[in-house]
Amino acid sequence: MKPLKDILYKVTINAVVGSTSVTVKKIEFDSRKIESNDVFIALVGTISDGHDYISKAINDGAKAIICQVIPNNLVDNVTYIEVENSNKALAFMAANYYDNPSENLKLVGTTGTNGKTTVSSLLYQLFKRAGYKVGLLSTVKIMVDDKEYKATHTTPDSLTINKYLQQMNDEGVEFCFMEVSSHGIHQSRTEGLQFSGGIFTNLSHDHLDYHNSFAEYRDVKKAFFDGLPKTAFCLVNTDDKNGLVMMQNTNAKKCTYALKTYADYRAQILENQFGGLLLKLNDNEVWTKLIGNFNAYNLLSIYATSELLGLENEESLRHISELESVSGRFEYFVSEEKITAIVDYAHTPDALKNVLETINSIRTKNEELITVVGCGGDRDVDKRPKMGHIASALSTKVIFTSDNPRTEEPQSIIDAIEAGVAPQNFKKIVSILDRKKAIRTACQMAQPNDIILIAGKGHENYQEINGKRNDFDDYKIVGELLKQLQK
């Protein structure tokens, strides 16, 4: 039990009805989880409004209500706090409730359209190899040093973030690397956290179903860097013109990285093949197991971050050479028939273009590049024709199929993807609604030395159709199908 007034520290309060000296058991924003003596925070969401569940929360035992509008009908012995913004209030209250755990470790957030998962996960790997206790908050998984937990969002809600950060404190974790999504920033999930650094990877077309425009999407990302303290670093990719925008108003130490332009940290690709990359990072050469131009950027940001966090360059380079690919990010194998199968999370036009250009820069052009790709339902519709154009222009054969159709009709999604295909590329494409049949067809088409790219889902081990998640793992399925066809 904690005094309510202690967990309200830093919350902007408009009005109070009742006493803030009451003690409360825990904080909840889901009315279904309310128990006796809890605080209920009424969040205004895109689907539902928590204010509609205030009465239920009180009936189930809530002792205090945090809301943006105090109800007309008040209940005796219940404290009502009217706040400016319920999401911000939740963030600060969660941090206070868990004793501000981000202040007891070095927390580094990575944001951008592409690369968040890879950069955060590889930094976790690198610092683990360097002998530190490390935490990770990512799309793929949550790690509290060696303990793994399932992730449900790119940036979890504020209560979940602070709960795991407190657990990291208990385990003696020194560094934590966290993906910071535009949704998470916009919904104030990172408010109240003490960041030691922020990394900007890039910005391209994504999430415009949620953000009204690209400018709004960019400015939400920028807000993360605007909020960094003077004690933190701000590391941005200046090959992306938005990198300079991110730095405009930050109080943090400004650092830059790039492959094409002058920057504090520079990289040059000396060799690029399926076996890995030979890079020159500033003045140091290093061989890595990762592949492609996009990973050159990722590795450069990791190299820069490790130096900014105090690691010696030689130690960083040694560990960078040992880093393993992140699940579902350019994850590949070669079958007995010498067919290369690649699974990648590329679900934006820019990410798909990067992966296909990487493959084309390595292959000899004597083999086929067969791409299996779709687009998620109930999401940004404007990117669908762009994905169709890129896939058909940069592949020798393309199979359009379902990704996570969610509540949309799969055929209408595919129709929108096909609308972007240039006339000269029509002969390359085929559409197969069933994703497993699409992958099977790609395997049947492939001859020795050909390459199959399965894009869009990466690490996801499910397919969401009409609210139901069915088991589906691209990497596992393509492996099984290639084995079957070899018999």
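There is no side-chain donor-acceptor pair under 3.5 Å between H183 and R189. When only modelled atom types and interatomic distance are considered, Q187 and D157 share no side-chain donor-acceptor pair under 3.5 Å. Residues Y149 and Q167 bring a donor and an acceptor atom of their side chains to less than 3.5 Å of each other. For the residue pair D240 / N237, no side-chain donor-acceptor distance below 3.5 Å is found, with atom types taken as modelled. Between the side chains of Y297 and D239, at least one donor N or O sits under 3.5 Å from an acceptor N or O. With no hydrogens or angles considered, a side-chain donor-acceptor pair links N114 and T348 at under 3.5 Å. A donor-acceptor contact closer than 3.5 angstrom is absent between the side chains of Q463 and S402.
Q268 places no side-chain N or O within donor-acceptor distance of the main-chain N or O of L281, the cut-off being under 3.5 Å. Of the possible donor and acceptor atoms, one in the side chain of Y332 sits under 3.5 Å from a partner among the backbone N and O of F274. Counting only distance, with no hydrogens or angles, the side chain of R406 and the backbone of G377 share a donor-acceptor pair below 3.5 Å. Not one N or O on the side chain of T358 forms a donor-acceptor pair closer than 3.5 Å with the backbone of G292. In this structure, the side chain of N295 does not engage the main chain of N298 through any donor-acceptor pair within 3.5 Å. With S188 contributing its side chain and E191 its backbone, the two residues share no donor-acceptor pair below 3.5 Å. For the pair S120 (side chain) and T117 (backbone), a donor-acceptor distance under 3.5 Å is absent. Formation of a donor-acceptor pair under 3.5 Å by the R435 side chain with backbone atoms of I439 is not found in this model. Looking at E408, its side chain does come within 3.5 Å of a backbone N or O of D378 through a donor-acceptor pair. Side chain of K386 to main chain of P349: no donor-acceptor pair is present (N/O by atom type, distance under 3.5 Å, no hydrogens or angles).
With salt bridges taken as basic N to acidic carboxylate O contacts below 4.0 Å, none links E28 and K33. Between R384 and D415, none of the side-chain N atoms (NZ, or NE/NH1/NH2) sits under 4.0 Å from a carboxylate O, so this pair counts as no salt bridge. Remark: E322 engages R129 in a salt bridge, criterion side-chain N to carboxylate O under 4.0 Å. Of the charged side-chain nitrogens involved, at least one lies within less than 4.0 Å of a carboxylate oxygen, so that R32 and D30 count as a salt-bridged pair. Using a cut-off of 4.0 Å between Lys/Arg side-chain N and Asp/Glu carboxylate O, K128 and D145 are scored as salt-bridged.
In this structure, T110 and V180 have side chains that are not in contact, with every pair of non-hydrogen atoms separated by 4.5 Å or more. Counting heavy atoms from C-beta on, the side chains of K147 and E171 come closer than 4.5 Å. Counting only heavy atoms from C-beta outward, the side chains of M178 and L107 approach each other to under 4.5 Å. Annotation: side chain of S301 is not in contact with side chain of T201 (no heavy-atom distance under 4.5 Å). Using a 4.5 Å heavy-atom threshold, the side chains of V334 and I339 count as separate. Residues V421 and F400 form a side-chain contact, since some pair of their non-hydrogen atoms from C-beta on lies under 4.5 Å apart. In this structure, V373 and M387 have side chains that are in contact, with non-hydrogen atoms separated by less than 4.5 Å. Put simply, the side chain of E179 does not reach to within 4.5 Å of the side chain of L137, judged on heavy atoms.
Residue-environment remark: NZ (K353) stays at or below the threshold of 12 foreign heavy atoms within 6.0 Å. Around atom NE2 of H51, more than 12 heavy atoms belonging to other residues, nucleotides or ligands sit under 6.0 Å away. Other residues, nucleotides and ligands contribute more than 12 heavy atoms inside 6.0 Å of the CD atom of Q248. At most 12 non-hydrogen atoms from other residues, nucleotides or ligands lie less than 6.0 angstrom from OH of Y53. Shown here is K56, whose NZ atom has more than 12 heavy atoms of other residues, nucleotides or ligands within 6.0 Å. The number of heavy-atom neighbours closer than 6.0 Å to CG of D471, taken from other residues, nucleotides and ligands shown, is 12 or below. Within a 6.0 Å radius of NZ in K26, more than 12 heavy atoms belonging to other residues, nucleotides or ligands are found. Residue-environment remark: NZ (K468) stays at or below the threshold of 12 foreign heavy atoms within 6.0 Å.
Atom-to-atom distance recorded for T118:OG1 and L323:CG is 11.0 Å, nearest 0.5 angstrom. Separating the CD1 atom in I302 from the NE2 atom in H319 is a distance of 13.0 Å, to the nearest 0.5 Å. Taking OG1 from T155 and NE2 from H186, the interatomic distance works out to 13.5 Å, rounded to the nearest 0.5 Å. Rounded to the nearest 0.5 Å, atoms CD1 (I454) and OG1 (T371) are 10.0 Å apart. Here the CG atom belonging to N449 is positioned 7.5 Å from the OG1 atom belonging to T340, to the nearest 0.5 angstrom. In this structure, the separation between OG on S138 and OH on Y124 is 10.0 Å, given to the nearest 0.5 Å.
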Discussion item. Does T111 form a side chain to side chain contact (heavy atoms under 4.5 Å, CB included) with I199? I'd like the steps, not just the answer.
Written reply: CA-CA 6 Å; T111 195; I199 304 166; over 6 Å; no

Fill in: Worked check of side chain to side chain contact (heavy atoms under 4.5 Å, CB included) between I27 and I41
CA-CA 7 Å; I27 304 168; I41 302 182; 3.5 Å; yes

Item to complete: Mind running side chain to side chain contact (heavy atoms under 4.5 Å, CB included) on R329 and H459 for me, showing each step along the way?
Response: CA-CA 8 Å; R329 270 66 178 175; H459 66 281; 2.6 Å; yes

Practice prompt. Under the side chain to side chain contact (heavy atoms under 4.5 Å, CB included) rule, what do S321 and W287 come out as? Steps first, then yes or no, please.
Written response: CA-CA 6 Å; S321 70; W287 176 262; 5.7 Å; no

Worksheet item: Could you go step by step and tell me if E460 and N404 meet the side-chain hydrogen bond (donor to acceptor under 3.5 Å, both in side chains) rule?
Response: CA-CA 10 Å; E460 293 178 349; N404 291 316; 3.0 Å; yes

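Relative orientation of the F333 and Y475 rings is perpendicular, given thresholds of 30° and 60° on the angle between their planes. Taking the six-membered ring where tryptophan is involved, the planes of F195 and F224 are perpendicular, since the angle between them exceeds 60° and thus also 30°. The aromatic rings of F177 and F127 lie tilted to each other, with the angle between the two planes from 30° to 60°.
Two rings, from Y345 and F330, have their centers 6.0 Å or more apart. Taking the centre of each ring, Y257 and Y303 stay at or above the 6.0 Å mark. The six-membered or imidazole ring of F472 lies away from that of Y462, with a centre-to-centre distance of 6.0 Å or more.
Applying side chain to side chain contact (heavy atoms under 4.5 Å, CB included) to M445 and the options E368, R440, K397 leaves one that passes, K397.
Closest non-hydrogen pair, L165 versus C176, comes out as CD2-SG, 4.0 Å. What you find for A94 and S158 is that their closest heavy atoms are CB-O, 3.7 Å. Between P405 and I465 the shortest heavy-atom distance is CG-CG1, 3.8 Å.
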